[in-house]
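First up is the structure itself, then whatever we jot down about it.
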Amino acid sequence: MTRTLLLIVALAGNATATAADWTLLPAGSRLGFESSYDGEAFSGSFGRFSPQIALDPAQPEATRIEVSIDLGSVDTQNEERDGTLATQDFFWTGKFPSASFKTTGCKAGAVAGAIECTAQLTIRDKTAAMPFNLQFEVNGDSATLKATAAVDRIAFDVGNGDWADTDLIPREVKVVVDLRLQRTP
């Protein structure tokens, strides 16, 4: 009896926390960025991205987020700028059509629904660690995930040659995440 009880306690202690799976609702969701060129602010977004999200605010350490981003789907509402972003000097979508993002560890944040994560971002086959702090709100079987993060574009060789001038384009690009989600049955 004692051995059985010890075995149950040991197994329970080794069980990993699980989180609910969530599916993206494209309508109303946005994966975007904000920057400026020669002092003029602009924003853009990616029309195609595929997140895999497992998250439960009661178990933030079980959070897993992975996203594949189609860099060719960039839209800044300016055709010339979008064309330039596709070139070898920026995303080089002909050689590197996608970017990826993956959380590597998460914990509870300071306020309800806040989760602090570490993550890895890969662009142009260059990977860098970054903090990723998010706010997650559940309403029944739907939820919102919101976050902002700073990305060092130079670390990923985004903006080479004349574009590397940080007086022309700031080194840090603000990433804005605003997702609408549905609990996966």
- [ ] Evaluate the side chain to side chain contact (heavy atoms under 4.5 Å, CB included) criterion for residues T148 and V175: first the C-alpha distance (whole Å), next the side-chain angles of each, then the deciding distance (0.1 Å), finally the verdict.
- [x] CA-CA 5 Å; T148 59; V175 174; over 6 Å; no
Task: side chain to side chain contact (heavy atoms under 4.5 Å, CB included) evaluation trace for T84 with E79 - done: CA-CA 9 Å; T84 301; E79 285 185 40; over 6 Å; no
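Between S43 and R30 the shortest heavy-atom distance is CB-NH2, 4.0 Å. The two atoms that bring A62 and A19 nearest to each other are O-CB, 3.9 Å, heavy atoms only. When all heavy atoms of A58 and P60 are compared, the pair lying nearest together is C-CD, 3.5 Å.
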Hey, can you pull the donor-acceptor pairs under 3.5 Å for the side chains in residues 123-139, sequence neighbours left out?
residue, atom, partner, partner atom, Å
R124, NH1, Q88, O, 2.7
R124, NH1, F90, O, 2.5
R124, NH1, D157, O, 3.4
K126, NZ, D157, OD2, 3.4
T127, OG1, T122, OG1, 2.7
Q135, NE2, A112, O, 2.8

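Pairs passing the disulfide (SG to SG under 2.5 Å) check and including a residue from residues 123-185, sequence neighbours excluded, do not occur. Residue pairs meeting the disulfide (SG to SG under 2.5 Å) criterion with at least one member in residues 108-144, sequence neighbours excluded, are C106-C117. The side chain to side chain donor-acceptor pair (under 3.5 Å) contacts involving residues 95-112 comprise T104-T118, where partners must be two or more places apart or lie in separate chains. A disulfide (SG to SG under 2.5 Å) check over residues 136-185, counting only residues at least two apart or in different chains, returns nothing. Counting only residues at least two apart or on different chains, the salt bridge (Lys or Arg N to Asp or Glu O under 4.0 Å) pairs with a member in residues 162-172 are D152-R171. Residue pairs that meet the salt bridge (Lys or Arg N to Asp or Glu O under 4.0 Å) test with at least one member in residues 44-60, sequence neighbours left out, are R48-D70. Sequence neighbours left out, the pairs with a member in residues 173-185 that pass salt bridge (Lys or Arg N to Asp or Glu O under 4.0 Å) are E34-K174, D141-R183, D178-R180. The side chain to side chain donor-acceptor pair (under 3.5 Å) analysis of residues 20-29, with sequence neighbours excluded, yields the pairs T23-T184. Sequence neighbours left out, not one pair with a member in residues 44-91 passes disulfide (SG to SG under 2.5 Å).
Note: the hydrophobic cluster containing V176 does not contain L25 (ILVMFWY, side chain heavy atoms under 4.5 Å, direct or indirect links). Hydrophobic clustering keeps I154 apart from I169 (ILVMFWY residues linked when any side-chain heavy atoms are closer than 4.5 Å, directly or through intermediates).
Between W163 and V158 the shortest side-chain heavy-atom distance does not fall below 4.5 Å. R64 is not listed as a side-chain neighbour of I53, based on a closest heavy-atom distance of 4.5 Å or more. Contact check for L179 versus L24: side-chain heavy atoms found under the 4.5 Å cut-off.
Y37 does not carry R81 over the face of its six-membered ring by the limits of under 6.0 Å from the centre and within 45° of the normal.
Rounded to the nearest 0.5 angstrom, L71 CG and L85 CG are separated by 9.5 Å. The distance from atom OG1 of T63 to atom CD1 of I115, rounded to the nearest 0.5 Å, is 4.0 Å. Note that CZ of F91 is 4.0 Å distant from CZ of F46, once rounded to the nearest 0.5 Å. Rounding to the nearest 0.5 Å places CZ of F33 at 7.5 Å from OG of S45. Between the OG1 atom of T144 and the CG atom of L181 there is a distance of 7.5 Å, given to the nearest 0.5 Å. Separation of atoms CG (D82) and OG1 (T87) is listed at 11.5 Å; rounding is to 0.5 Å.
Residue W92 is found in a hydrophobic cluster whose other members, listed by chain and number, are F96; membership requires side-chain heavy atoms under 4.5 Å apart, directly or through intermediates.
With sequence neighbours left out, P170 forms a side chain to side chain contact (heavy atoms under 4.5 Å, CB included) with S35, S36.
Judged by distance alone, with hydrogens and angles left aside, the side-chain atoms of S73 form a donor-acceptor pair with the main-chain N or O of G47 at under 3.5 Å.
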